[in-house]
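Residue indices begin at 1 and follow the sequence shown.
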Amino acid sequence: WGQAKDAHRLADQLGDLHDLVLLEAAVRRVQADLPADTDALIAVVEHRGEQLATAALQLGARVYAEPPSAFTRRLHAYWRAWRAEAAVAAARRPEVLADVTRHAATA
């Protein structure tokens, strides 16, 4: 399912961005106590954070492009079709599945 993969990628990007924010905060807290200059590290972390934020915003716009009402209707149709399949499988009557599927698509 493409949307599920996109949602998973979005979650990964947001998780990575969160990790970078925590890393940057930790480095800034101990920056004065470190023997090395951390400005370059902070610059790289900030740059990568900007890249991730931009990618997450673009991907999020695609994942959430469908209005909630349309999303709900689509999931409800999937649920009805799944229930119909389960009922038909239990009854072992494939002709019923064809009829129920036709009705689910128009409801």
Side-chain angles (χ1 to χ4, degrees):
W1 222 27
Q3 188 175 16
K5 287 182 182 178
D6 284 347
H8 184 75
R9 282 184 40 227
L10 177 59
D12 286 345
Q13 289 174 345
L14 292 174
D16 290 349
L17 181 57
H18 178 260
D19 292 347
L20 285 176
V21 168
L22 294 178
L23 174 62
E24 181 181 352
V27 170
R28 287 186 185 277
R29 270 195 311 275
V30 297
Q31 192 171 20
D33 299 330
L34 295 175
D37 182 14
T38 57
D39 291 341
L41 173 62
I42 290 173
V44 168
V45 168
E46 287 175 343
H47 178 71
R48 181 63 183 141
E50 290 169 7
Q51 289 177 325
L52 283 169
T54 299
L57 284 171
Q58 291 170 347
L59 189 54
R62 187 168 66 232
V63 168
Y64 294 104
E66 185 176 23
S69 58
F71 177 75
T72 302
R73 280 192 307 273
R74 183 167 51 87
L75 288 185
H76 190 77
Y78 292 155
W79 181 81
R80 285 192 315 264
W82 173 79
R83 296 281 295 165
E85 278 183 45
V88 170
R92 296 182 187 258
R93 297 184 56 201
E95 68 277 4
V96 176
L97 176 60
D99 186 50
V100 170
T101 304
R102 271 194 299 278
H103 291 341
T106 60

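E46 is listed as a side-chain neighbour of I42, based on a closest heavy-atom distance under 4.5 Å. The shortest side-chain heavy-atom distance between L23 and D19 does not fall under the 4.5 Å cut-off.
For the residue pair Q31 and R28, no side-chain donor N or O sits within less than 3.5 Å of a side-chain acceptor on the partner.
In the hydrophobic clustering of ILVMFWY residues, with side-chain heavy atoms under 4.5 Å counting as a link, L17 and L41 come out together. Cluster membership check: L10 does not share its hydrophobic cluster with L52, using side-chain heavy-atom separations under 4.5 Å among Ile, Leu, Val, Met, Phe, Trp and Tyr. Linking Ile, Leu, Val, Met, Phe, Trp and Tyr residues whenever their side-chain heavy atoms come within less than 4.5 Å leaves V21 and V44 in two separate clusters.
Here the straight-line distance linking atom CD of E66 with atom CZ of R73 works out to 8.5 Å at 0.5 Å rounding. Atoms CG and OG1, on L59 and T54 in that order, are 12.5 Å from each other to the nearest 0.5 Å. The CG atom of L34 sits 11.5 Å away from the CZ atom of R29 when rounded to the nearest 0.5 Å. Here the CD atom belonging to Q13 is positioned 11.0 Å from the NE2 atom belonging to H8, to the nearest 0.5 angstrom.
Side chain of Q3 to main chain of V63: a donor-acceptor pair is present (N/O by atom type, distance under 3.5 Å, no hydrogens or angles).
By the 4.0 Å N-to-carboxylate-O rule, R9 lies too far from D12 to be salt-bridged with it.
Across every non-hydrogen atom of G49 and L20, the tightest pair is N-CD1, 3.7 Å.
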